[in-house]
2 protein chains.
Amino acid sequence: MTSDTVGDQGGDAHSGTVSAGVDSPSVSRSTASGPPPGPSVSARRRAGRPGHDADSVLRTAVRVFNERGYDGTSMEDLARALGVTKSAIYHHVSGKSELLRQSLDRALDALFAVTREPEATGGPVLGRLEHVLRGSVLALVEELPHVTLLLRVRGNTAVERRALERRREFDRFVADLVREGVAEGAIRPDVDPDVAGRLLFGMVNSLVEWYRPGGGLDAEGLAAQVAAVAFEGLRTPH
Amino acid sequence: MTSDTVGDQGGDAHSGTVSAGVDSPSVSRSTASGPPPGPSVSARRRAGRPGHDADSVLRTAVRVFNERGYDGTSMEDLARALGVTKSAIYHHVSGKSELLRQSLDRALDALFAVTREPEATGGPVLGRLEHVLRGSVLALVEELPHVTLLLRVRGNTAVERRALERRREFDRFVADLVREGVAEGAIRPDVDPDVAGRLLFGMVNSLVEWYRPGGGLDAEGLAAQVAAVAFEGLRTPH
DNA sequence: TTACTAACCGACCGTTCGTTCAGGCCGCAA
DNA sequence: TTGCGGCCTGAACGAACGGTCGGTTAGTAA
């Protein structure tokens, strides 16, 4: 899914330069004088002075946004993380909010792609719901930094409000599915459908708070566990 | 539980002055010239010029923090919401981070109170876990604005990092409970205990994103539904 | 060597930030 | 009427903010 939206992001090399992982607990602000320029790594050599390109800037920016929060991140912070000066960033993007916009759009595109897959629109309700559930987990993992950012948006600016609107649209799609499931008797009727839908995706969305790929649990396995808990519950079956 | 920690918050009067609900989608910044001073409401008349007290300032501040995010809220924003000037706020609190500290402490105190209740430390594991689950939901509802703020903290400042540490301690308590449940065979062994614990409280924590008291579903009913989904799952029992 | 391209620097702009301070205002009790 | 406690204003501070600008550097391609 969303296999070739932006491309080139597959190779997650470029690492090494910045030590702190995505989850680093305390990010010293004053120290950490920044890595040596350590820019992008795209395979084909480009003309012109080597350094960052728009993509590597976005990648780093989103990582820092997720560490400090969007509002808590200054352009100076970004520049330090990139190993360049503030003004260099404006060579790649028009401004801070543009970075946010690109990231949010990417997250939302991945989520909506799931709702358009045939398994999400045809067949028994429970199957459709489960497909959307698992697909959302996969999309969330694949675009983890962007989805993380999306789930923290508060609606302070026009960019954020537009994203919130699209997100609500996605939520409506899921809520409808759950309602339909209750109506057809596939989902237990003693919990409110709206509540159930929100709990379901509350569970999914909470993944961004702790799941990190490459830790022995892959996206498919994660999706399976989420689906198991969501549909069968925690208690040992008897 | 936590029946009389800080008191006086039970009566949620003081309303009326500010129109926007906690969930108001777009919060105009320039307009909304603020309510007429409309200060606190505490029953007993105090000496001196009438106006806000430390408690009413905290209440409003936390509400605005949750609307705009802590970093996205300026003291000017707070002042406007309170109907006073910036400098007036410093009569009640030492600064912005002090407001955050008070709020986070309140949320954490309520959560830890649950873990110290006898039903959370004695009896069968599954019962203990369910008690902590339901108790957390009740605490979350009772201290909704403060818990909401807590769950969004990123660790940018010392105040935030201290709160994150206490929160991790709470998470550990829950994780241990789940692990114990798996070991005793009360919880299904095919999901990883750590994953299960995180999913469980991911579900609970997501309540702050949508649950609002006074909407036909009270805290007890909510806790019951959460427990049902968590332990039995969504699928219709057969 | 030269032309071209892409990325970057350093100085600077106007605005907003959190915070301080000296003083004024309001309502109660004496 | 006066005194006092509690709350508030208006003006200002230095620091940090997002963003702009003209000029420079380091590579590729001819």
Side-chain angles (χ1 to χ4, degrees), chain A residues 14 17 29-30 33-58 60-61 64-65 68-101 156-159, chain B residues 29-30 34-42 44-58 60-61 64-65 68-101 156-159:
Chain A
H14 108 291
T17 58
R29 202 147 186 151
S30 44
S33 61
S40 80
V41 81
S42 58
R44 183 78 77 212
R45 227 25 183 295
R46 279 190 311 274
R49 183 178 177 175
H52 293 281
D53 60 3
D55 241 56
S56 77
V57 168
L58 177 62
T60 300
V64 180
F65 286 163
R68 296 209 208 293
Y70 176 74
D71 286 317
T73 303
S74 70
M75 292 303 275
E76 189 62 52
D77 290 333
L78 286 190
R80 205 177 299 122
L82 287 163
V84 298
T85 52
K86 251 196 321 176
S87 47
I89 300 175
Y90 290 88
H91 177 73
H92 301 288
V93 290
S94 67
K96 196 183 173 187
S97 71
E98 171 65 14
L99 286 167
L100 182 62
R101 199 189 57 75
N156 287 348
T157 66
V159 167
Chain B
R29 203 148 186 151
S30 44
S40 80
V41 81
S42 59
R44 184 77 78 211
R45 222 28 179 295
R46 280 189 309 275
R49 181 178 177 176
H52 293 281
D53 59 4
D55 241 54
S56 75
V57 168
L58 178 63
T60 300
V64 180
F65 286 162
R68 296 207 208 294
Y70 176 74
D71 286 317
T73 302
S74 70
M75 293 301 275
E76 187 62 51
D77 290 332
L78 286 190
R80 204 177 300 121
L82 287 162
V84 298
T85 52
K86 261 198 303 181
S87 47
I89 300 174
Y90 290 87
H91 177 73
H92 301 288
V93 289
S94 66
K96 195 183 173 188
S97 71
E98 170 65 15
L99 286 166
L100 181 63
R101 199 189 56 76
N156 287 349
T157 66
V159 167

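These figures come from a predicted structure and were not determined experimentally.
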*Just compare C:dG10, C:dA7, D:dT9 and give me whichever is closest to any side-chain atom of B:Val84.*
D:dT9
*asked:* In whole Å, I'd like the distance from the CZ atom of B:Arg49 to the P atom of D:dC7.
replied: 10 Å
_Between P on D:dG6 and CG on B:Asp55, what's the gap in Å once rounded to a whole number?_
16 Å
_With a 4.5 Å cut-off on side-chain heavy atoms, are B:Val93 and B:Leu58 touching?_
no
*For B:Ser87, what residues pass the side chain to side chain contact (heavy atoms under 4.5 Å, CB included) criterion, not counting sequence neighbours?*
B:Thr85
Which protein N or O atoms sit under 3.5 Å from an N or O of nucleotides 1-4 of chain C?
none

*Provide, to the nearest angstrom, the distance between the CG atom belonging to A:Asn156 and the P atom belonging to C:dT16.*
16 Å
_Any N/O donor-acceptor pair, A:Ser87 side-chain to C:dG10 base, under 3.5 Å_ = yes
*Considering residues at least two apart in sequence or located in another chain, which fulfil the salt bridge (Lys or Arg N to Asp or Glu O under 4.0 Å) criterion with B:Glu98?*
B:Arg101
_Minimum-distance nucleotide to B:Thr85 side chain [options: D:dG10, C:dA7, C:dC9]_ = D:dG10
*Rounded to the nearest Å, what distance is computed from the OH atom of residue A:Tyr70 to the P atom of nucleotide D:dG18?*
8 Å
_Selection residues 77-97 of chain A - residue pairs positive for ring-ring contact (aromatic ring centres under 6.0 Å, His included), sequence neighbours left out_ = none
*asked:* Considering only residues two or more places apart or on different chains, which pairs with a residue in residues 82-93 of chain A satisfy salt bridge (Lys or Arg N to Asp or Glu O under 4.0 Å)?
replied: none
*With the side chain counted from C-beta on, respond yes when A:Phe65 and A:Leu78 share a heavy-atom pair under 4.5 Å apart, and no when they do not.*
yes
*Closest heavy-atom contact between A:Gly72 and B:Asp71?*
CA-OD2, 3.6 Å
*Heavy-atom closest pair, residues A:Ala79 and A:Ile89*: N-CD1, 3.7 Å
*Out of C:dT19, D:dC7, C:dC26, whichever nucleotide has its closest atom nearest the side chain of B:Met75*: C:dT19
_Looking only at the side chain of B:His52 (C-beta and beyond, no hydrogens), which of the listed nucleotides D:dT28, D:dC8, C:dC9 gets closest?_
D:dC8
*Roughly how far apart are B:Thr60 OG1 and B:Leu99 CG, rounded to 0.5 Å?*
10.0 Å
*Is the distance from OP1 or OP2 of C:dC17 to the nearest side-chain N or O of B:Ser74 less than 4.0 Å?*
yes
*Provide, to the nearest angstrom, the distance between the CD1 atom belonging to A:Ile89 and the P atom belonging to C:dG10.*
14 Å
*asked:* Side chain of A:Tyr90, heavy atoms from C-beta onward: which of C:dA6, D:dG19, D:dC8 has the nearest atom to it?
replied: D:dG19
*Taking the nucleotide of DNA chain D with the closest heavy atom to each, which residue, A:Ala88 or A:Asp71, is nearer the 5' end?*
A:Asp71
*Could you tell me the separation between the CD atom of A:Glu76 and the P atom of D:dG18, rounded to a whole number of Å?*
9 Å
*Closest heavy-atom contact between A:Leu82 and A:Ser56?*
CD2-O, 4.2 Å
_Rounded to whole Å, please give me the gap between NZ in A:Lys86 and C1' in C:dC13._
10 Å
*Value in whole Å for how far the C1' atom of C:dC8 lies from CG of A:Leu82*: 12 Å
_What residues from residues 91-101 of chain A pass a heavy-atom cutoff of under 4.0 Å to DNA chain D?_
A:Gly95, A:Lys96
